[in-house]
J.: 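This structure is in structure tokens; I'll ask about it shortly.
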Amino acid sequence: MACRNFLKAEKAAKSLGMSKEDYTVMHLDLASLESVKQFVDSFRRTERPLDVLVCNAAVYQPTAKEPSFTAEGFELSVGTNHLGHFLLSRLLLDDLKQSDYPSKRMIIVGSITGNTNTLAGNVPPKANLGDLRGLASGLNGQNSSMIDGGEYDGAKAYKDSKVCNMLTMQELHRRYHEETGVTFASLYPGCIATTGLFREHVPLFRLLFPPFQKYITKGYVSEEEAGKRLAQVVSDPSLEKSGVYWSWNNNSSSFENQLSKEASDAEKAKKLWEVSEKLVGLA
């Protein structure tokens, strides 16, 4: 369990009745590229095989008026959700390659809010990476703290980061699936309206959003159900296809969902990859 907060991780494991012998908590703060590198070094010293990597962390600051920044000076949402995961995925790819596990997978949790071919994805502000000029300039607030170079918007920064997540998994699939046999996939498990992800939203939103999702949109899923869906993508033989964005219908059956035009743009994925490599020091 790669976690920023040891105590919360231990409490979560204990609440699920997990035996101490079944997990190890290791420190990882995705808002620090140095922490990512240290985590990878620490993991390798354990000499454990890496069979599956699940990227599940997210920062969401929808009401922030001004941007916050990571240790390296990137806007916090994109710096954590995209660049932190990008570096982690790239550094651990070799470890995944070396595993003899028959169903090696790298999974990232996407979001319907980054998909503008959906109703939820068309709620303003809409995700839009533009020509990546803001990202290319460093996301440091001097030129812009937004990927598209626009004015800061905390909700849009989160949605943009999710588009990056889904583009990254597709680019990993194109570059490495055939060579490594690793399955690269993203998923949207449904709207987990009661999760701590919304803790920085206004109180009225936190009050009304869960019943709205439960009774109006019918898009609500519990944390337990979302966890089961993530577990499916991690281990179910029927969900082993690479380069796929998984979703679930009202009967809780999984299906290959269609990504929006931007979230499936191969040229943009390639450019995003190249710019991200430079920012995290891999180029």
Side-chain angles (χ1 to χ4, degrees), residues 30 33 36 40 50 52-58 74-75 77-99 103-117 121 127-139 146-148 157-188 233-234 239-247 256-283:
L30 286 160
L33 300 183
V36 173
V40 172
L50 179 66
V52 176
L53 175 64
V54 180
C55 299
N56 188 42
F74 305 120
E75 187 279 319
S77 300
V78 176
T80 304
N81 304 351
H82 169 55
L83 292 173
H85 279 137
F86 181 82
L87 180 61
L88 181 70
S89 301
R90 290 292 308 283
L91 293 180
L92 287 176
L93 186 57
D94 281 340
D95 301 74
L96 263 179
K97 286 181 190 175
Q98 291 163 21
S99 168
S103 183
K104 299 177 283 192
R105 304 186 193 188
M106 187 184 288
I107 308 299
I108 199 160
V109 178
S111 173
I112 196 172
T113 61
N115 240 4
T116 53
N117 61 350
N128 177 17
L129 307 187
D131 61 2
L132 307 181
R133 69 179 63 183
L135 186 69
S137 68
L139 283 185
M146 298 293 287
I147 291 176
D148 63 355
Y158 169 80
K159 295 176 183 181
D160 288 349
S161 75
K162 292 285 120 182
V163 177
C164 292
N165 289 163
M166 296 183 281
L167 285 171
T168 298
M169 280 299 139
Q170 290 165 81
E171 189 65 11
L172 278 160
H173 164 74
R174 280 188 286 267
R175 289 174 183 246
Y176 295 108
H177 172 63
E178 204 167 299
E179 168 203 336
T180 65
V182 175
T183 291
F184 300 98
S186 57
L187 72 147
Y188 173 62
V233 179
V234 167
L239 275 65
E240 198 172 7
K241 187 173 179 181
S242 187
V244 172
Y245 167 62
W246 295 107
S247 294
E256 292 178 37
N257 207 343
Q258 185 67 41
L259 286 163
S260 67
K261 185 178 178 183
E262 181 172 55
S264 56
D265 185 329
E267 280 303 309
K268 189 163 282 190
K270 183 174 182 287
K271 185 176 179 183
L272 175 68
W273 179 279
E274 291 166 353
V275 173
S276 300
E277 276 193 326
K278 289 177 183 173
L279 292 179
V280 302
L282 290 178

J.: Minimum heavy-atom separation for Ser89 and Met169, please, with both atom names.
T.: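 Looks like OG-CE, 4.5 Å.
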
J.: Answer yes or no: is there a side-chain heavy-atom contact under 4.5 Å between Ser186 and Asn165?
T.: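 In short, these two side chains do not touch, never coming nearer than 4.5 Å.
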
J.: Any non-hydrogen side-chain atom of Leu172 less than 4.5 Å from a side-chain atom of Trp273?
T.: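 SC-SC contact between Leu172 and Trp273 confirmed.
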
J.: Using atom types as modelled and distance alone, determine if a side-chain donor or acceptor of Gln170 lies under 3.5 Å from a backbone N or O of Ala263.
T.: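 Pair found, side chain donor or acceptor close to backbone of Ala263.
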
J.: Apply the test side chain to side chain contact (heavy atoms under 4.5 Å, CB included) to residues Leu129 and Leu167: give CA-CA distance (whole Å), side-chain angles for both, the deciding distance (0.1 Å), then the verdict.
T.: CA-CA 11 Å; Leu129 307 187; Leu167 285 171; 3.7 Å; yes

J.: Looking only at heavy atoms, what is the nearest atom pair of Ser77 and Ser161, with distance?
T.: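 Residues Ser77 and Ser161, closest heavy atoms: O-CB, 4.0 Å.
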
J.: Could you state the interatomic distance from NE2 (His85) to OG1 (Thr80), rounded to the nearest 0.5 Å?
T.: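 Between His85 NE2 and Thr80 OG1, I get 9.0 Å after rounding to 0.5 Å.
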
J.: When you compare the side chain of Ile147 with that of His82, does any pair of heavy atoms fall below 4.5 Å?
T.: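 Result no, sub-4.5 Å side-chain heavy-atom pair not found.
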
J.: Sequence neighbours excluded, which residues qualify as side chain to side chain donor-acceptor pair (under 3.5 Å) partners of Glu178?
T.: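 Counting only residues at least two positions away or on another chain, Glu178 forms no side chain to side chain donor-acceptor pair (under 3.5 Å).
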
J.: Less than 4.0 Å between a side-chain N and a carboxylate O, is that true for Glu171 and Arg174?
T.: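 A salt bridge links Arg174 with Glu171.
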
J.: Does CZ belonging to Arg133 count more than 12 external heavy atoms closer than 6.0 Å?
T.: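 Not more than 12 within 6.0 Å, no.
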
J.: Of all the heavy-atom pairs spanning Ala57 and Lys162, show the shortest one and how long it is.
T.: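 Result for this residue pair: O-NZ, 4.5 Å.
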
J.: Taking it one step at a time, do Leu187 and Val109 satisfy side chain to side chain contact (heavy atoms under 4.5 Å, CB included)?
T.: CA-CA 5 Å; Leu187 72 147; Val109 178; 4.1 Å; yes

J.: Mind checking salt bridge (Lys or Arg N to Asp or Glu O under 4.0 Å) for Lys268 and listing every partner two or more places apart, or none if nothing turns up?
T.: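 Checked Lys268 against salt bridge (Lys or Arg N to Asp or Glu O under 4.0 Å); matches are Glu262.
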
J.: Going by heavy atoms in the side chains, are Leu135 and Asp160 under 4.5 Å from each other?
T.: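 Leu135 does not reach Asp160 side chain to side chain.
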
J.: So Lys270 and Glu274, salt bridge (charged side-chain N to carboxylate O under 4.0 Å, His left out) or not? Walk me through it.
T.: CA-CA 6 Å; Lys270 183 174 182 287; Glu274 291 166 353; 2.9 Å; yes

J.: Might you work through the side chain to side chain donor-acceptor pair (under 3.5 Å) test for Ser103 and Glu240, ending with a clear yes or no?
T.: CA-CA 7 Å; Ser103 183; Glu240 198 172 7; 3.2 Å; yes

J.: Is a side-chain donor or acceptor of Arg105 paired with a backbone partner of Ala185 at a separation under 3.5 angstrom?
T.: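 Between the backbone of Ala185 and the side chain of Arg105 there is no qualifying donor-acceptor contact (under 3.5 Å).
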
J.: Tell me every residue that passes side chain to side chain contact (heavy atoms under 4.5 Å, CB included) with Val280, counting only those two or more places apart in sequence or in another chain.
T.: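 With sequence neighbours excluded, Val280 shows a side chain to side chain contact (heavy atoms under 4.5 Å, CB included) to Leu33, Leu83, Phe86, Leu87, Leu282, given in chain and number order.
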
J.: Give a yes or no on whether the backbone of Lys97 and the side-chain of Lys104 come within a donor-acceptor separation of less than 3.5 Å.
T.: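 Indeed, once roles are kept as given, a pair shorter than 3.5 Å links the two residues.
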
J.: Side chains of Tyr176 and Val182, heavy atoms from C-beta outward: is any pair under 4.5 Å?
T.: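 A side-chain contact under 4.5 Å is absent here.
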
J.: Using a 4.5 Å cut-off on heavy atoms from C-beta on, say whether the side chain of Met106 contacts that of Leu93.
T.: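 Yes, close enough: below the 4.5 Å cut-off.
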
J.: How many angstroms lie between atom OG of Ser99 and atom CG of Asp94, to the nearest 0.5 angstrom?
T.: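 Answer for the OG-CG pair, Ser99 versus Asp94, is 13.0 Å.
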
J.: How long is the straight-line distance from CD of Gln98 back to OG1 of Thr180, given to the nearest 0.5 Å?
T.: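 The OG1 atom of Thr180 sits 12.0 Å away from the CD atom of Gln98.
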
J.: In Å and rounded to the nearest 0.5 Å, what is the CG to CG distance from Leu259 to Asp265?
T.: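 These two atoms lie 11.5 Å from each other.
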
J.: Compare every heavy atom of Ala157 with every heavy atom of Val78, then report the nearest pair and how far apart it is.
T.: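 In terms of heavy atoms, the two residues are closest at CG2-O, 3.6 Å.
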
J.: Output all residues satisfying salt bridge (Lys or Arg N to Asp or Glu O under 4.0 Å) with Arg90, sequence neighbours left out; order by chain, then residue number.
T.: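 In terms of salt bridge (Lys or Arg N to Asp or Glu O under 4.0 Å), with neighbours along the sequence ignored, Arg90 is linked to Glu277.
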
J.: Checking Lys278 now: which residues fulfil salt bridge (Lys or Arg N to Asp or Glu O under 4.0 Å) with it, not counting sequence neighbours?
T.: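 Lys278: no salt bridge (Lys or Arg N to Asp or Glu O under 4.0 Å) contacts found.
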
J.: How long is the span from the CZ atom in Phe74 to the CG atom in Leu279, to the nearest 0.5 Å?
T.: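 Between Phe74 CZ and Leu279 CG, I get 5.0 Å after rounding to 0.5 Å.
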
J.: Could you tell me whether the side chain of Tyr245 reaches within less than 4.5 Å of the side chain of Glu256, counting heavy atoms only?
T.: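 Glu256 does not reach Tyr245 side chain to side chain.
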
J.: Write down the atom of Val52, the atom of Val54, and the distance for their closest heavy-atom approach.
T.: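 The answer is CG1-CG2, 4.0 Å.
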
J.: Can you confirm whether Cys164 sits close enough to Leu272 that some side-chain heavy atom of one is under 4.5 Å from a side-chain heavy atom of the other?
T.: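 Yes - at least one pair of side-chain heavy atoms lies under 4.5 Å apart.
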
J.: Which residues satisfy the salt bridge (Lys or Arg N to Asp or Glu O under 4.0 Å) test with Asp148, sequence neighbours excluded?
T.: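 Asp148: salt bridge (Lys or Arg N to Asp or Glu O under 4.0 Å) contacts with Lys156.
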
